[in-house]
**Q** 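Quick one: this structure, given as structure tokens, is what I'll be asking you about.
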Amino acid sequence: MNAASYSPAWLRALTAPLPEGLASPLETARFELNAFYPADQMPEICFREEMGDSYRIERADGRLRLSGGKTGVLYGAYALIFTSVCGTSVRLGSSAPYYPLRVLSCWDNMDGSVERGYSGNSLWFEGGHVRYDPARIRQLGRMLAGAGINVLCVNNVNVHYPAQELIASQLNETAALAAELRPFGVRLMLSVDFSMPLSQGVGTADPLDENVQRWWRERAKRIWEAVPDFAGFMVKADSEHRPGPNAYGRTHAEGANMLARAIAPYGGKLIWRAFVYDCMQDWRDTLTDRAKAAFEIYKPLDGRFDDNVILQVKHGPFDFQVREPVSPLLLSMPRTHLALEVQLAQEYTGQQKDIYAMLPLWREIFDTVGKDKVEAFTAVSNLGRDANWTGHPFAALNLFAFGAFGWDPDSDPERVTRLWARLTYGLKPAEEDTLVSWLLRSRSIYEKCTSNLGLGWMVTPNTHYGPNPWGYEFQSWGTYNRADRNAVGVDRTKTGTNYVSQYPEELKRLYEDPRSCPENLLLFFHRLRYDCVMADGRTLIQRLYDDHFDGFMETEEMARALLSLPLPQEDMEQVEDRMRLQLENAREWRDVTNTFFHRLSGVEDARGRKIYE
Ligand code: GCV
């Protein structure tokens, strides 16, 4: 790998290669500022330990002064560089991140593959070992710190052998990677396998067994000796066939607390994922509703988790579909520390071939849930070894914006998109407007093209790309649209699965009545006849057809606009290739989905357009 050719995705103005041996974020801040500012404009740096992650920018005696704590000083340095690159005036004052933990969760396997990875292989694993190009890892550190991301969970939550060894025989390799990222204020976290003591001769992984507890305590001691600023563990337990405490008749709280106590003496955090449901469901069973599972399991455990446990909840009750309501669990655990989990890897949202900027989605989530309901923000990474880091050059926006929203969950999607566009491309104002406005519309376009009105799951099983309206209909994953010749959607009100009762009163009332339910969630909450009339007078079937026709046309329009921009040649080639795929994809979605509903309902398109048969 030739690191020299990998420029950071959005900090292209930082052309000075980062040297080896930077000792701390303070030293990195000094290096970045020195390389960027002429000597006579170099800001004065005041290191103030007690400021931690935060920084302050002032003007003193005609010179800029940056004060900041251990990591804050580096965040402040990037803030200064951003304003200079963008040609905007420096914002004087203080800044501190809203969420102390801004965690990028990487589903990287040690053979180098990445689960749900769409940007090439792992940046740090290969052939069963931690292997990386140090210069590229420094560039990565620069990007992460520039976005304000401070924890990297480096291995897949599905812990496949030999990833267990990262906390055992390969701990020195883990420590070396941690050392590379330390000067950027990025701390390592690892996903661990709950059953690990079993394979280490303890004979059980029962969380109430003293030998198990002792085994994890000893393991924790060794980890923190090797990596003193280690952030903690992430655990996927009793989920999709992963081991967990249920095998021993123990609750998730008992399982999580056991691990949390082993790492508490070192200030470690235990991120316990709430993505738990019955993945062996019988599709004939219409009463079991996967959407209800996490709430049913975790709500009774509210208040029973130790203080260093963080329950990580996916933003919707399913699995990062193109549209879901917010997870009711986020609104129901006042005595539990929560993390909100989003997915930058576009598993169901275009796989970094199709454009889907996530900022409007996150704006909606924070506005609905309230930023103070959660204490950490985590995202499944979209990074990989591809030269542009994120597969589609525009997908870097999601990574950058994740950091921005973790720093300030009140962020305005347009402002963040504009900042990213300006740092990345430095276009003329009208061109920048074109890029920003289409990126902000990309989610709603993708939604129209694929599964609109809250349907979800109409994708090809396993790959999760491309249309397949009945792909998940007769499977065990709890993922059904129940379309027949008369109606489509799942009744989740009290006449159906009553999922809606998991919401606080105000949201429950909003969702349970099809007249007040937001249209984009209608078929998530309701089963409706094709001839039912929507707010604008169109029938449901017509709306299903129209959205798919409109989605394709808007994709064409977006392609024309974006391909007219003067992007750097290497990005342009990537954007052209992927835009071609996105157009083919949108056409396929339109024709397959419309044909599906046409065959079932027998209803013609009111506007007489061709539906393929
Ligand atoms: C890491 C979905 C994905 C899986 C992923 C899982 C999870 O089911 O398809 O690849 O596994 O979510 O979030 O744990």
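Start at 1 and go down the list; that is how both ligands and their atoms are numbered.
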**Q** Do the side chains of Arg443 and Glu364 get close enough for a salt bridge, i.e. N-O under 4.0 angstrom?
**A**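 A salt bridge links Arg443 with Glu364.
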**Q** Has ligand 1 got any nitrogen or oxygen that is less than 3.5 angstrom from a nitrogen or oxygen of Glu115?
**A**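 Among all N and O atoms of Glu115, at least one is under 3.5 Å from an N or O of ligand 1.
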**Q** Is there a polar contact, in the sense of an N or O pair closer than 3.5 Å, between Arg273 and ligand 1?
**A**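 In this structure, Arg273 places an N or O atom under 3.5 Å from an N or O of ligand 1.
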**Q** Could an N or O of ligand 1 be found under 3.5 Å from any N or O of Lys236, whether backbone or side chain?
**A**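 In this structure, Lys236 places an N or O atom under 3.5 Å from an N or O of ligand 1.
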**Q** Regarding Gln346 and Gln351, is there a side-chain donor-to-acceptor distance under 3.5 Å anywhere?
**A** no
**Q** Does Val380 reach ligand 1, in the sense of a heavy atom lying below 4.0 Å from it?
**A**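 Judged by the 4.0 Å heavy-atom criterion, Val380 does not count as contacting ligand 1.
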**Q** Going by the order shown, which atoms of ligand 1 are within less than 4.0 Å of some heavy atom of Val157?
**A**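 Checking each atom against Val157, I get 1 (C), 14 (O).
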**Q** Should the ring pair Phe405 and Phe366 be called parallel, tilted or perpendicular, given that the plane angle runs from 0 to 90° and is split at 30 and 60?
**A** parallel
**Q** Side chain or backbone, does Tyr277 bring an N or O within less than 3.5 Å of an N or O on ligand 1?
**A**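 No, Tyr277 has no N/O under 3.5 Å of an N/O on ligand 1.
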**Q** Counting from 1, what ligand 1 atoms have a heavy atom of Glu347 closer than 4.0 Å?
**A** 3 (C), 9 (O)
**Q** Considering only the protein, which heavy-atom contact is closest to atom 1 (C) of ligand 1, and what is its distance?
**A** Asn158 ND2, 3.2 Å
**Q** Does CZ in Arg116 sit with more than 12 non-hydrogen atoms of other residues, nucleotides or ligands closer than 6.0 Å?
**A** yes
**Q** Please say whether Lys314 places an N or O atom under 3.5 Å from an N or O atom belonging to ligand 1.
**A** yes
**Q** Starting from atom 2 (C) of ligand 1, find the nearest protein heavy-atom neighbour and note its residue, name and distance.
**A**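 The closest one turns out to be Asp319 OD2, 2.9 Å.
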**Q** Charged N to carboxylate O under 4.0 angstrom, Lys269 versus Glu375?
**A**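 Here Lys269 does not pair with Glu375 in a salt bridge, since their nearest N and O are not under 4.0 Å apart.
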**Q** Any idea how Tyr472 and His464 line up, ring-wise: parallel (<30°), tilted (30 to 60°), or perpendicular (>60°)?
**A**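 Rings of Tyr472 and His464: tilted, as their planes differ by 30° to 60°.
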**Q** With a 4.0 Å cut-off, would you call Asp238 and Arg242 a salt bridge?
**A**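 Result for this pair is no, no salt bridge flagged.
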